[in-house]
Amino acid sequence: MEENPYQNALKQLEIAAKQINLEPWIHEILKHCMQISVVSLPIKMDDGTVKVFTGYRAQHSTALGPSKGGIRYSPDVTMDEIKALSMWMTWKCAVAELPYGGAKGGIVCDPKKLSRGELERLTRRYTYAIINMLGPKKDVPAPDINTDKQVMAWIMDSYSIGVGETTLGVVTGKPISIGGSQGRECATGRGLSYVAREICKKLGVALGPETTVAIQGYGNVGSVVGVILGQEMGCKIVGVSDIMGGVYNPNGIDPLLLKKHKNETGSVVGFPGTQDITNEELLALDCDILVPAAVENQITKKNARNVRAKLIIEGANGPTTTEADAILEKEGIIVVPDILANSGGVIVSYFEWVQDLYSYFWDIDRVNQELERHIVKAFHKVYNLAQEKDVSLRTAAYMLAVGRIAEAIRVRGLYP
Ligand code: GLU
């Protein structure tokens with residue numbers, strides 16, 4: 001049976017709850033989402049027929065502030081996946097010390113099979129259906145799998161029309177022309193690269209031509225990681241895969257040319273000078289750093305023993321199951337967890353929201369410097385706690401995150 005991401009999220013919460021002796025009543029609250037909406041979205045298709053799509057928005061917590069998290073479009077979206085992802089957003093925001101709780105949304109659809117007009121109508125109808133949940137002070141969506149700045153622009157526009165005023169801060173990841181932030185598109189990959197540099201320093205390894213990297217997924221996160229680790233930090237990218245398959249070259253793959261190839265052909269497969277590999281072979285490559293940057297449930301109890309990387313840095317949300325985590329820990333493989341490693345995206349989303357609320361916009365250098373400062377600080381807090389308590393980085397990140405939310409719930413108390 002497929003792993004259920006929500007069950008995985010509950011197990012991770014339980015591990016942290018035990019570690020910090022969390023009061024059972026707070027644990028009970030955190031097991032649940034505060035609010036979940038399931039909406040039916042009837043859309044007029046280009047051929048004149050009407051199709052009804054299902055959309056979700058789950059808000060896990062608002063203990064620290066408005067809820068925050070992306071919206072994904074995929075045929076694989078399920079309610080349990082969205083619930084898990086919203087919970088992970090709560091922890092991610094708390095690790096980075098952002099004044100947010102977690103949320104996530106999704107529409108069950110295959111965006112590749114939709115025209116631009118259909119995609120726009122679907123996005124606008126979805127925004128309308130959940131408009132009462134949204135707002136800069138309530139819940140702030142952002143891009144996720146298969147959604148981008150254009151989708152965010154449609155959400156911003158539909159929301160603004162609905163409430164009767166242009167509201168920049170209702171979504172992040174927008175185009176720059178309507179209140180988007182410099183650096184947002186590359187922020188998740190850039191943040192992950194800073195984390196890679198910091199963990200390698202701790203392990204006494206300088207990132208350079210001797211450092212080999214394999215990347216699963218070459219979309220918004222994976223391709224930026226490839227370019228920053230491969231070009232700016234000088235590492236050797238030896239393998240990359242996407243939904244169609246993978247490519248391998250022990251002498252290194254040019255990350256920028258690979259990106260161009262993917263943009264032109266739709267996949268990394270067939271990139272000149274590389275050997276074809278499967279996705280499973282990519283996960284088992286002998287390399288220093290493995291970056292799973294695709295979807296959840298990729299490293300499971302079935303394949304965790306095959307992993308030969310020394311370090312896993314999670315670009316995707318939930319790529320490693322709890323069972324796999326235990327196996328990797330036994331094998332001495334260090335895992336930098338998603339809620340820390342991929343938090344660069346929501347950190348710059350936070351900067352975007354702040355800029356929107358103050359209508360004062362920063363230049364790219366300021367964004368990147370603040371991102372580096374924020375994520376490096378979070379990394380050190382997690383790393384130090386892991387050392388102090390002799391736990392994995394994931395457990396340490398959870399202990400910090402759950403501890404922060406729990407403190408907010410404790411002082412706010414229970415209403416009524
Ligand atoms: N979807 C991204 C994530 O999973 C970004 C969320 C955001 O910026 O709100 O972290």
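Just so it is clear, the structure is predicted and the values come from calculations on it, not from any experiment. All heavy atoms count here, side chains included; hydrogens, waters and symmetry mates do not. Indexing begins at 1, ligand by ligand and atom by atom, following the structure's order.
- Of all protein heavy atoms, the one closest to atom 8 (O) of ligand 1 is Ser349 OG, 2.6 Å.
- Counted within 6.0 Å of CE on Met244, heavy atoms from surrounding residues, nucleotides or ligands total 12 or fewer; the atom is thus considered open.
- Side-chain contact annotation: Asp46 with Ser115, donor-acceptor N/O pair under 3.5 Å present.
- Open room surrounds CG on Asp390; 12 or fewer heavy atoms of other groups in view lie less than 6.0 Å from it.
- Minimum heavy-atom separation, Met152 to Gly173: CG-O, 3.5 Å.
- For the pair Arg72 and ligand 1, no heavy-atom separation below 4.0 Å is found.
- Dense packing is recorded around CG of Leu256, with more than 12 heavy atoms of other residues, nucleotides or ligands lying under 6.0 Å away.
- Remark: ligand 1 and Asp144 share an N or O pair separated by less than 3.5 Å (distance only, no angle test).
- Protein heavy atom nearest atom 9 (O) of ligand 1, with residue, atom name and distance: Lys68 NZ, 2.8 Å.
- Any N or O atom pair closer than 3.5 Å counts here, and Pro143 shares at least one such pair with ligand 1.
- Heavy-atom contacts from other residues, nucleotides or ligands closer than 6.0 Å to CZ of Arg410 number more than 12.
- Looking at every heavy atom in both residues, Arg121 comes nearest to Lys44 through NH2-O, 2.8 Å.
- Not a single heavy atom of Ser343 sits under 4.0 Å from any atom of ligand 1.
- By the criterion of a heavy-atom distance under 4.0 Å, neither the backbone nor the side chain of Leu85 is placed next to ligand 1.
- The shortest N or O to N or O distance between Asn342 and ligand 1 is not under 3.5 Å.
- For atom 7 (C) of ligand 1, the nearest protein heavy atom (residue, atom name, distance) is Ala142 CB, 3.3 Å.
- From the protein, the heavy atom lying nearest to atom 5 (C) of ligand 1 is Arg184 NH2, 3.5 Å.
- Closest heavy-atom approach to atom 6 (C) of ligand 1 within the set Lys92, Met152, Lys104, Met89: this belongs to Met89.
- Using bins of under 30°, 30° to 60° and over 60° for the plane-to-plane angle, the ring pair His374/Phe351 lands in the perpendicular bin.
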